[in-house]
Amino acid sequence: MGRGRVQLKRIENKINRQVTFSKRRTGLLKKAHEISVLCDAEVALIVFSTKGKLYDYSTNAGMARILERYERYCYAEREVAVTSPDSEGSWWLEYGKLKARIEAQQRIQRQLMGEDLDALTPKELQQLENQLESALKHVKSRKNQVIYDSMVELRRKEKLLRDENTMMEKKIQEKKKERVQQAQWEQQIQSQNSPSFLPTLNIGYHQGTATETGEKEEAHPGHNTVMLAWLLRSSNN
């Protein structure tokens, strides 16, 4: 006796519905794989359960590439059907396309932040882990490069400051040397311009002194007067 035809309607029993979903889902994924291998077709399969869990399958081309190809094909057909490029239909098509891209990017961003991972398969989780590890390597490499560049810049600034400090010290030493030389020169000029000591002169008449013969020398009243006049003229000049 052959198998009877199953009536397609919603299964009311929750357990039976879950069992049927699991069996049919496995068979559907198997059929998608078989048609992709046998017919060399690009296949993308997306299934959401009643709880919102995602099950998908895609060929080697990748889900994103197949969906992008599907969007281009659908929108191209719709744009051909639209007569005016400024019509309301074209704007709605563009809006739907942009909205789908935004939602896809937001989903990817949440997954990179560790959220919304329940719908991912083990293979997709492994791919996500590899992407995060690769991104972490790039971040660490960039961080090390930034730290190295900062150290090089600090060393360059340190060398410039040392060179400036050395130049300032040389200028200070030169200023000190110039001040010492200036002080010595001023002292030398001052010593040259100071008046010399004059010898003590006995102004007046010299009394006669006794000679060896017993005679007294006569005083020369005019000798000291002439000598004093000469000295005064010399000091005035």
Side-chain angles (χ1 to χ4, degrees), residues 42 44 46 52-54 56-76 79 85-86 90-197 235 237:
E42 292 185 0
I46 300 175
K53 192 173 183 180
L54 172 66
D56 62 343
Y57 170 82
S58 62
T59 55
N60 295 331
M63 181 67 71
R65 182 178 176 182
I66 295 175
L67 290 178
E68 185 179 358
R69 181 179 178 183
Y70 169 77
E71 289 178 357
R72 288 200 307 266
Y73 181 81
C74 292
Y75 292 137
E79 287 179 358
D86 297 331
S90 63
W91 285 106
W92 276 107
L93 291 176
E94 187 67 21
Y95 168 77
K97 184 178 180 180
L98 293 176
K99 184 179 179 181
R101 288 184 179 179
I102 292 173
E103 290 177 352
Q105 293 297 327
Q106 289 177 349
R107 183 174 63 255
I108 293 173
Q109 184 178 4
R110 289 194 302 269
Q111 292 174 354
L112 291 175
M113 296 298 295
E115 302 174 358
D116 197 10
L117 301 178
D118 296 336
L120 297 180
T121 62
K123 182 178 179 181
E124 291 174 343
L125 290 173
Q126 183 64 38
Q127 293 177 354
L128 181 61
E129 184 180 1
N130 294 336
Q131 291 177 0
L132 292 174
E133 289 179 354
S134 177
L136 184 60
K137 289 180 181 179
H138 286 296
V139 171
K140 287 183 178 180
S141 176
R142 178 57 184 167
K143 183 190 71 173
N144 294 334
Q145 183 65 33
V146 170
I147 293 174
Y148 176 76
D149 294 341
S150 300
M151 292 176 63
V152 171
E153 183 66 18
L154 290 175
R155 288 176 182 175
R156 187 184 66 83
K157 291 182 179 179
E158 182 183 4
K159 185 178 181 302
L160 291 176
L161 292 175
R162 285 182 179 178
D163 294 340
E164 292 180 359
N165 190 18
T166 303
M167 293 179 61
M168 293 297 294
E169 289 180 354
K170 288 182 180 180
K171 290 182 179 180
I172 291 173
Q173 294 296 331
E174 292 176 357
K175 290 290 184 181
K176 288 183 179 180
K177 189 180 294 184
E178 290 178 359
R179 289 180 181 177
V180 171
Q181 293 178 354
Q182 182 71 18
Q184 292 177 354
W185 182 76
E186 291 178 354
Q187 186 177 2
Q188 184 178 1
I189 295 299
Q190 186 176 2
S191 62
Q192 290 179 357
N193 293 334
S194 62
S196 59
F197 294 100
S235 63
N237 294 330

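Predicted model, so just to flag it, every value in this text is computed and none were measured.
By the side-chain contact (heavy atoms from CB on, under 4.5 Å) test, Asp163 pairs with Lys159, sequence neighbours left out. Judged as a salt bridge (charged side-chain N to carboxylate O under 4.0 Å, His left out), and not counting sequence neighbours, the contacts of Glu42 are Arg69. With sequence neighbours excluded, the residues forming a salt bridge (charged side-chain N to carboxylate O under 4.0 Å, His left out) with Glu153 are Arg156, listed by chain and number.
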For Arg110 and Leu117, what are the C-alpha separation, side-chain angles and deciding distance, and is it a side chain to side chain contact (heavy atoms under 4.5 Å, CB included)? CA-CA 9 Å; Arg110 289 194 302 269; Leu117 301 178; over 6 Å; no
Might you work through the side chain to side chain contact (heavy atoms under 4.5 Å, CB included) test for Leu54 and Thr121, ending with a clear yes or no? CA-CA 9 Å; Leu54 172 66; Thr121 62; over 6 Å; no
Would you give me the side-chain donor-acceptor pairs under 3.5 Å for residues 100-107, sequence neighbours excluded?
none

Please list every donor-acceptor pair under 3.5 Å in which a side-chain atom of residues 137-144 meets a protein atom from a residue at least two apart or in another chain.
| residue | atom | partner | partner atom | Å |
| --- | --- | --- | --- | --- |
| Asn144 | ND2 | Lys140 | O | 3.2 |

Return a table of donor-acceptor pairs under 3.5 angstrom between the side chains of residues 167-181 and protein atoms on other chains or two or more places apart.
none

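The minimum heavy-atom distance linking Met63 with Ala44 is given by the pair SD-CB, 3.7 Å.
At a cut-off of 3.5 Å, with distance as the only test, a side-chain donor of Gln182 or Glu186 sits close to an acceptor on the other residue.
Atom OG of Ser150 sits about 11.5 Å away from atom CZ of Arg155, to the nearest 0.5 Å. With rounding to the nearest 0.5 angstrom, the CG atom of Asp56 is 6.5 Å from the OG atom of Ser58.
Heavy-atom contacts from other residues, nucleotides or ligands closer than 6.0 Å to CG of Asp149 number more than 12. More than 12 heavy atoms of other residues, nucleotides or ligands shown are found within 6.0 angstrom of CD on Gln127. Within 6.0 Å of CD on Gln187 lie no more than 12 heavy atoms contributed by other residues, nucleotides or ligands.
Asn130 places a side-chain N or O within 3.5 Å of a backbone atom of Gln126 that can act as its donor or acceptor partner.
The shortest side-chain heavy-atom distance between Leu128 and Gln131 falls under the 4.5 Å cut-off.
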